[in-house]
Structure formats: C-alpha cells, structure tokens
Amino acid sequence: MSTRLSMVLAVLALAVVTACGGQAPAGTAATPAPATSGSTFPVKVEHLYGTTEIAKRPERIVTIGLSDHEPVLALGFKPIGVVDWFQRTPFTDWPWTTSVWGGAEPTVLGLREDGVKMEKLLALKPDLIFAMYSGIQKEQYDQLSKIAPVVAQPKGYDPYAAPWQEMTLLAGRALGEEPKAERLIADIKDRFAQARAANPQWKGLTAVAADSFKAGQYFAFQKGDPKSAFLAELGFTVPEGITKEAGKLNGVEFGSERMDLLEVDRLVWLTTGKQPWERIRNDSVYKQLKVAKESRDLFLTYQDPPIGAALSFNTVLSIPYAIDQVVPLLKK
C-alpha cells in the first residue's frame, strides 16, 4: 500500500472516530538543537488551511503526520503522542532517534492504516498538534483545531510532497525556533554537497526508488516523494515521465508489462515483506532489464538495518544516517 493511500485511510478513520464520540474540549545523526525558553511567543504560521497562532511555548505536543515527530525532536521538543508508521518496537528504537528521545516513550495514537484514536489524543490534552506529513482534509483540520492549535501541511504542496526543508522550517516557526531550524537545514545541505562532491559520476545519471507489494505489482516513486527526493539530492535525476504520470500521487503503480519505467541507471528498491528481492529478481520481465542484468539495482530493507525507513522518513534526523548507509552501497 502506498504512503498516500495509507494516510488517506487513516484520515477516514480519524473522521469516523471523531463522529462516534470525540468531544472537543548507528549512523551519524544530526545534533538536535536544544529548545530555549526565551523563544518569542505568540507566533503565527501559515499552512495549507490558513494561519495558526500558538500563544505560548508548547509543552504537550502531539504529531499525527507520519514523520512529524522527527523535526520536532531535532528542535529539542519531545512529542507525547505519535502515529506509528512502521510498527517498530519500541517506537523510539530507530538508530537516528534513540539517543534523542533519551528514554522517553510517546503514546502511540494509532497505526498508519488504522488512523488516530481520538480518545487517546483527547486524553493527552495536547497544546499543539502537528499534521504536516499527512493527508488530513479541511474537515479533519477543523475538528482537531477545536482541541488545540494545528499545524497542517505546508502551503503550496500536495499532501506528502513538501520537501523536508519546508517541514523543518514550518516546525521551527511553530516552535519559535526558526533560526535553529535553518542551521539544521544548512548542516544537512552540507552533507549532501559533500556526498555529491565525492561522487561526481552520479551527476546526470537517472535513478528511481521503487517498491513491490506483491507478485507482478510494482510502484515507482515520483521526484516529490521523500525516497526519490533523497536520490535527487545525491545528484541523480528522477525521470520526468514517472513524475508526470504520477500527477498528485506520490508515484505510479503498474504491472510487469510496464517494467520499462524502471530502466534507469540506478534502481533502488525499498522492499517490504519476507525476502521480496527474490520474487522481484525472478520476474521474467524484470530479468530482461539492463538495470537488472548489469546489477545496477540496490535492495534496501525497512528493518535491520532500517535504511529504507530512513529514506522514507527523510527528515533532519534520518537523512545523515541514510547518507552514511546508502552512499557506500551506491558506490558498489
């Protein structure tokens, strides 16, 4: 299931739960900037659904966007409620976030397919809700705003298509830590620049990130999706054909007959399920692709090591880990 479809289902679940009783009352990681009590409030931030005012420094933050907790963490704030994307136990057990959480464990408000459990959210009594990397609609935004100020998707982007820089800046403005957000972004840009400088051979080469959910069913991510965007920042070019065909979706779903979409210089599979690379490599059509014959395909897992998850999050915390892990593999 694609990221976009998963969160749409989550949004529908949120609406149903609300209607039924919700009442309104090992790699190198970026160093999180400590929050400062001297930040100036109130602050106002613009997003997809208008302007939100945050009257004072928040102390009980809830994040319902799939990766929103990470820029919040990087800015020195620990959310008390989160949405679980990959069902990793405990939730904080990612190589790039374990030390940042410092032993704290947030309440999991729901899984990406199940949606936010409104009763859990209400019990936490949040004073700020982030929904940046999400697909919430105006109706859900209005419902959540009755509980606490809400920071929705960045303005000017489709859901799930805003760059990590924009989401980091938006979080920084909402938390009164915009200068720190800018420094974090600058550090990551330097890391990408160093990787590109060390690998000039990647410039001009095409690359795409892909997944396969079951036999004969494939998905190629367009350049606005975090996974392909990561490859682009390393110097690769994501084919415009995939992006154009995807439209407002985060990628293109297709069968074996459209395998030509994957004929690129570097193909990065972010695989799910048990040993899916064997199933993919045994596809008779896939075997005929030059990228497969010449072993220019790379298979990454979401767990152990969680490199695929780091690319999917694609945040100021996960990107340094992803660069450390992916660059050596691409060079091989």
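Positions are given from 1, in the same order as the sequence printed here.
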Go through the structure and list residues passing salt bridge (charged side-chain N to carboxylate O under 4.0 Å, His left out) with [X], not counting sequence neighbours.
X    : answer
K189 : none
E294 : R296
K223 : E240
E105 : none

ask   = Salt bridge check: are R258 and E253 linked by an N-O gap of less than 4.0 Å?
value = no
With the side chain counted from C-beta on, respond yes when [X] and [Y] share a heavy-atom pair under 4.5 Å apart, and no when they do not.
X    : Y    : answer
W85  : H69  : no
P239 : V264 : yes
I319 : R191 : no
I147 : P126 : yes
F299 : E278 : no
Q153 : I136 : yes
F192 : I323 : yes
V151 : M132 : yes

Partner set under side chain to side chain donor-acceptor pair (under 3.5 Å) for D297, not counting sequence neighbours = Y286
ask   = For D142, which residues count as a side chain to side chain donor-acceptor pair (under 3.5 Å) partner, sequence neighbours excluded?
value = K138
message = Could you check whether atom CD of E59 has more than 12 heavy atoms from other residues, nucleotides or ligands sitting under 6.0 Å from it?
response = no
If you take all heavy atoms of [X] and [Y], which pair is closest and at what distance?
X    : Y    : answer
P306 : P95  : CG-CD, 3.7 Å
P328 : D324 : CD-O, 3.2 Å
A174 : V43  : O-CG2, 3.6 Å
A148 : D127 : CB-C, 3.9 Å
A131 : V150 : CB-CG1, 4.4 Å
P320 : I188 : CG-CD1, 3.5 Å

For [Y], does its backbone N or O pair with a side-chain atom of [X] as donor and acceptor, under 3.5 Å?
X    : Y    : answer
T52  : P149 : no
S228 : D225 : no
T98  : T92  : yes
T107 : L109 : no
Q303 : T301 : no
T315 : S318 : yes
N199 : W202 : no

Atom pair [atom1]/[atom2] of [X] and [Y] - distance to nearest 0.5 Å:
X    : Y    : atom1 : atom2 : result
D158 : L249 : CG    : CG    : 9.0 Å
D68  : S134 : CG    : OG    : 6.5 Å
I80  : R60  : CD1   : CZ    : 3.5 Å
L144 : M118 : CG    : CE    : 5.0 Å
R279 : R281 : CZ    : CZ    : 12.5 Å
F41  : K44  : CZ    : NZ    : 14.5 Å

Side-chain donor-acceptor pairs under 3.5 Å in residues 161-173, sequence neighbours left out?
{"residue": "W164", "atom": "NE1", "partner": "E233", "partner atom": "OE2", "Å": "2.7"}
{"residue": "T168", "atom": "OG1", "partner": "W164", "partner atom": "O", "Å": "2.8"}
{"residue": "R173", "atom": "NE", "partner": "E178", "partner atom": "OE2", "Å": "3.3"}

request  = Please assess M259 against Y218 for the test side-chain contact (heavy atoms from CB on, under 4.5 Å), listing each intermediate value before the final yes or no.
outcome  = CA-CA 9 Å; M259 279 288 194; Y218 304 95; 3.2 Å; yes
task = Dump the intermediate steps for side-chain contact (heavy atoms from CB on, under 4.5 Å) on I61 and F130, then the final yes or no.
result = CA-CA 8 Å; I61 299 171; F130 280 96; 3.7 Å; yes
request  = Before giving the answer on side-chain contact (heavy atoms from CB on, under 4.5 Å), spell out for L234 and V327 the whole-Å C-alpha distance, their side-chain angles and the decisive distance to 0.1 Å.
outcome  = CA-CA 9 Å; L234 288 178; V327 167; 4.1 Å; yes
For [X], side-chain contact (heavy atoms from CB on, under 4.5 Å) partners two or more places apart:
X    : value
K214 : Q217
K244 : none
A220 : V208, I242, F254, L262
K287 : N282

query = With respect to E70, which candidate in W94, Y133, W96 satisfies the side chain to side chain donor-acceptor pair (under 3.5 Å) definition?
reply = W96
ask   = Quick one: does NZ or CZ of K227 land under 6.0 Å from the six-membered ring centre of F221, within 45 degrees of the ring axis?
value = yes
Hydrophobic cluster membership, [X] vs [Y], 4.5 Å side-chain cutoff:
X    : Y    : result
L205 : V326 : yes
L122 : V82  : yes
F219 : V238 : no
Y157 : V45  : no
V108 : V100 : yes

key: Residue pairs involving residues 261-270 (criterion salt bridge (charged side-chain N to carboxylate O under 4.0 Å, His left out); sequence neighbours excluded)   = none
ask   = Parallel under 30°, tilted from 30 to 60°, perpendicular over 60°: which one fits the rings of Y49 and Y141?
value = tilted
ask   = Passes side-chain contact (heavy atoms from CB on, under 4.5 Å), L128 versus L175? Steps please.
value = CA-CA 9 Å; L128 181 59; L175 297 171; 4.0 Å; yes
query = Would F86 and F313 count as a close aromatic pair, with their ring centres under 6.0 Å?
reply = yes
